[in-house]
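Below is one structure, written out as structure tokens; the observations come after it.
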Amino acid sequence: MAEAERIIGTPDTPGAGPGPEQRDVRGTDGTDGIDGTDGAGRADTAADAGASVARPRRRRVAVLFAVAAFAYALDLVSKLLVVAKLEHHRPIEIVGDWLKFEAIRNAGAAFGFGEAFTVIFTVIAAAVIVVIARLARKLYSLPWAIALGLLLGGALGNLTDRIFRSPGVFEGAVVDFIAPKHFAVFNLADSAIVCGGILIVLLSFRGLDPDGTVHKD
């Protein structure tokens with residue numbers, strides 16, 4: 001009897017042979033994990049970890065494009081209304097002489113700068129869009145998603161004017177209409193670009209990177 005117990009082994013007996021849950025079960029496909037999966041449990045855990053890391057990035061990218069779409073749509077609708085209702089009409093006073101809506105066509109950059117370089121500004125706007133799209137691949141920071149979304153929406157808004165408005169493709173004049181007193185006339189796309197740029201500067205001063213890491217100096 002003792003000899004039989006020694007050969008078969010019991011879970012409570014020191015030196016007992018492996019129980020059913022401890023045996024090395026090798027599958028027909030060469031698996032050698034304890035559960036016969038060659039580390040499938042570990043693989044599943046790694047896959048779950050990868051998915052959990054990817055989900056926040058996808059949410060941040062969704063925020064980026066949602067902000068960009070909102071800024072772009074707001075700019076596009078405002079310009080359509082300005083061209084239809086305000087162009088070739090008297091300016092509309094919003095706050096006396098301090099703030100007016102006045103439709104103008106601007107061939108330069110934001111706030112009327114550099115009208116002789118329309119094509120260059122068009123190329124720069126397109127390059128900004130490409131850079132933002134590349135940054136989106138490693139985006140984990142919500143503030144950066146908002147900032148880049150504002151930049152993207154503003155760049156798309158003015159780039160649309162450059163491509164589709166007269167006098168020609170890539171040379172189109174941007175529609176501006178917000179005219180503060182003693183300041184250049186601008187549009188909502190310009191505002192989005194400036195706000196996004198200011199937010200990026202603040203985030204950089206705080207040491208926050210697009211991937212969510214924080215640098216402490």
Side-chain angles (χ1 to χ4, degrees), residues 46-79 82 94-95 98-99 106 108-115 117-163 170 174-217:
D48 292 342
S52 64
V53 171
R55 280 193 293 270
R57 184 184 66 83
R58 287 196 293 266
R59 287 195 293 266
R60 301 299 182 260
V61 172
V63 169
L64 186 158
F65 286 113
V67 172
F70 178 76
Y72 177 70
L74 202 61
D75 178 70
L76 183 62
V77 170
S78 66
K79 288 174 179 176
V82 166
I94 305 302
V95 185
W98 291 98
L99 179 62
N106 172 24
F111 310 112
F113 172 77
E115 294 188 2
F117 303 98
T118 305
V119 176
I120 295 177
F121 293 133
T122 303
V123 173
I124 292 174
V128 168
I129 294 171
V130 173
V131 170
I132 293 173
R134 291 177 63 87
L135 282 175
R137 296 184 301 177
K138 58 176 182 178
L139 183 63
Y140 291 91
S141 167
L142 180 59
W144 269 95
I146 295 173
L148 293 177
L150 289 171
L151 283 180
L152 180 59
L156 286 172
N158 284 338
L159 184 61
T160 299
D161 284 357
R162 303 288 188 198
I163 295 175
F170 301 124
V174 174
V175 176
D176 290 335
F177 63 94
I178 304 174
K181 189 176 182 179
H182 304 309
F183 197 73
V185 184
F186 59 96
N187 56 41
L188 295 181
D190 297 332
S191 300
I193 291 172
V194 170
C195 290
I198 292 174
L199 182 54
I200 287 176
V201 171
L202 293 176
L203 294 173
S204 298
F205 272 118
R206 292 188 59 187
L208 180 62
D209 289 343
D211 61 2
T213 57
V214 179
H215 300 284
K216 296 293 184 181
D217 296 331

>> Closer than 3.5 angstrom, by distance alone: can the side chain of Asp176 be matched with the main-chain N or O of Asn106 as a donor-acceptor pair?
In response: no

> In Å and rounded to the nearest 0.5 Å, what is the CZ to CG distance from Phe70 to Leu150?
Replying inline: 10.0 Å

> Looking at Leu199 and Ala147, what are the two nearest heavy atoms and their distance?
Replying inline: CD2-CB, 3.5 Å

> Which distance, rounded to the nearest 0.5 Å, do you find between the CG of Leu139 and the CZ of Arg134?
Replying inline: 14.5 Å

>> Measuring only between side-chain heavy atoms, which start at C-beta, is Val174 closer than 4.5 Å to Arg162?
In response: yes

>> Just so I know, are the side chains of Phe186 and Ser191 near enough to count as touching, which here means a heavy-atom distance under 4.5 Å?
In response: yes

> Roughly how far apart are Leu156 CG and Leu76 CG, rounded to 0.5 Å?
Replying inline: 10.5 Å

>> Any non-hydrogen side-chain atom of Asn187 less than 4.5 Å from a side-chain atom of Asn158?
In response: yes

>> To check you understand the geometry: which heavy-atom pair defines the closest contact between Ala145 and Val63, and what is its length?
In response: CB-CG1, 4.1 Å

> When rounded to the nearest 0.5 angstrom, what distance separates CD1 in Ile178 from CG in Asp190?
Replying inline: 8.5 Å

>> By the definition side-chain contact (heavy atoms from CB on, under 4.5 Å), identify the one residue from Val128, Ile124, Ile129 that meets it with Leu159.
In response: Ile129

> What's the shortest heavy-atom distance between Ala125 and Ala155, and which atoms?
Replying inline: O-CB, 4.2 Å

> Looking at CG of Asp209 and NE2 of His215, how far apart are the two atoms once the value is rounded to the nearest 0.5 Å?
Replying inline: 3.5 Å

> Taking only residues two or more places apart in sequence or in another chain, which ones pass salt bridge (charged side-chain N to carboxylate O under 4.0 Å, His left out) with Asp161?
Replying inline: Lys79, Arg165

> If you take all heavy atoms of Ala71 and Ala192, which pair is closest and at what distance?
Replying inline: CB-CB, 4.4 Å

> So do the side chains of Trp98 and Pro180 get within less than 4.5 Å of each other, counting heavy atoms only?
Replying inline: no

> Between SG of Cys195 and CD1 of Ile146, what distance do you get to the nearest 0.5 Å?
Replying inline: 12.0 Å

>> Can you give me the closest heavy-atom contact between Arg57 and Arg137, atom names plus distance?
In response: CD-O, 3.1 Å

> Does the Trp144 side chain pair with the main chain of Leu208, one donor and one acceptor, at a distance under 3.5 Å?
Replying inline: yes

> Looking at Leu151, Leu152, Leu188, which hits side-chain contact (heavy atoms from CB on, under 4.5 Å) with Ile193?
Replying inline: Leu151

> Who pairs with Thr160 by side chain to side chain donor-acceptor pair (under 3.5 Å), at least two apart in sequence or on another chain?
Replying inline: Tyr72

> Minimum heavy-atom separation for Gly154 to Ala189, with atom names?
Replying inline: O-CB, 3.5 Å

